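Below is one structure, written out as structure tokens; comments come after it.
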Amino acid sequence: MAKADPWSVMKVSFLLSLALGICTIVAITVLWLVLDAMGVFSAVGGTISDATSGEGGGFDLQSFLSLPRVLMFTTIIAVIEVVLATALATLVAFVYNLSASFVGGVELTLAEDE
């Protein structure tokens, strides 16, 4: 393999990282819903509220870890991941092309099934 087209690498890496970002958002949503259905947030939130209660009233974990806030942070992280993964894969294609011009690329041997 003597050359990797950076444009096609960018398109493929964008689509794969976009799919990974969508999977991340769905997985975090399902995890949050399962934890909420199990009552984890209310149990831990009650413990933290009791431990931090004072003149200010304590820390409210349930409002801090609400589903819209968690999804907003997850979406921001997923968008950053898509941009960085696409840029990194394209940069790797450029570096591979540069190094392949010096050493001739990677030799692949393919075998046929009989």
Side-chain angles (χ1 to χ4, degrees):
M1 193 167 119
K3 184 176 185 242
D5 184 31
W7 178 247
S8 70
V9 169
M10 185 182 77
K11 291 188 292 186
V12 170
S13 66
F14 173 74
L15 290 177
L16 289 176
S17 61
L18 185 67
L20 182 65
I22 291 171
C23 288
T24 301
I25 292 171
V26 170
I28 293 296
T29 303
V30 169
L31 180 65
W32 191 93
L33 290 173
V34 167
L35 290 175
D36 189 47
M38 290 173 44
V40 171
F41 295 127
S42 60
V44 174
T47 303
I48 290 176
S49 180
D50 291 342
T52 60
S53 64
E55 294 178 20
F59 180 72
D60 189 14
L61 181 69
Q62 289 176 315
S63 66
F64 183 73
L65 291 179
S66 64
L67 183 60
R69 182 177 284 189
V70 169
L71 287 181
M72 180 186 64
F73 287 132
T74 304
T75 304
I76 290 170
I77 296 298
V79 167
I80 291 171
E81 179 267 330
V82 167
V83 170
L84 288 178
T86 303
L88 185 63
T90 306
L91 180 65
V92 167
F94 278 114
V95 169
Y96 174 78
N97 288 339
L98 184 65
S99 66
S101 67
F102 292 125
V103 296
V106 176
E107 185 177 333
L108 297 174
T109 304
L110 303 174
E112 285 187 31
D113 289 338
E114 294 179 35

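Because the structure is predicted, anything quoted here is derived from the model rather than measured. Only heavy atoms go into these numbers, but all of them, side chains included; no hydrogens, no water, no symmetry mates. In this chain, residues are counted from 1 in sequence order.
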Distance check, rounded to the nearest 0.5 Å: [X] atom [atom1] versus [Y] atom [atom2]?
| X | Y | atom1 | atom2 | answer |
| --- | --- | --- | --- | --- |
| Leu20 | Ile25 | CG | CD1 | 10.0 Å |
| Ile22 | Thr75 | CD1 | OG1 | 10.5 Å |
| Leu15 | Leu18 | CG | CG | 7.0 Å |

Minimum heavy-atom distance [X]-[Y], with the two atoms named:
| X | Y | answer |
| --- | --- | --- |
| Leu98 | Ser101 | O-OG, 2.6 Å |
| Leu33 | Leu67 | CD2-CD2, 4.5 Å |
| Ala89 | Val9 | O-CG1, 3.4 Å |
| Ser17 | Thr86 | OG-OG1, 3.5 Å |

Would you please name every residue forming a side-chain contact (heavy atoms from CB on, under 4.5 Å) with Val34, sequence neighbours left out?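 Val34: side-chain contact (heavy atoms from CB on, under 4.5 Å) contacts with Val30, Met38.
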Under the side-chain contact (heavy atoms from CB on, under 4.5 Å) rule, collect the residues that match up with Val12, sequence neighbours excluded.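 Partners of Val12 by the side-chain contact (heavy atoms from CB on, under 4.5 Å) criterion, ordered by chain and then number, come out as Leu16.
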Is it possible for you to say whether [X] and [Y] belong to one hydrophobic cluster, with membership spreading through side-chain heavy-atom contacts below 4.5 Å?
| X | Y | value |
| --- | --- | --- |
| Leu71 | Val40 | yes |
| Phe73 | Ile80 | yes |
| Leu88 | Met10 | no |
| Val70 | Phe64 | yes |
| Leu84 | Ile76 | yes |

Would you please name every residue forming a ring-ring contact (aromatic ring centres under 6.0 Å, His included) with Phe41, sequence neighbours left out?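 Result, ring-ring contact (aromatic ring centres under 6.0 Å, His included) vs Phe41: Trp32.
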Ignoring hydrogens and angles, tell me if any N or O in the side chain of Asn97 forms a donor-acceptor pair with the backbone of Ala4 under 3.5 Å.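 The answer is yes, because a donor-acceptor pair under 3.5 Å joins these two groups.
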Is the side chain of Thr47 donor-acceptor paired with the backbone N or O of Ala43 at a distance under 3.5 Å, no angle test?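 At least one qualifying donor-acceptor pair exists.
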Validation row: Thr24, Glu81 side chains within 4.5 angstrom (heavy atoms):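 SC-SC contact between Thr24 and Glu81 ruled out.
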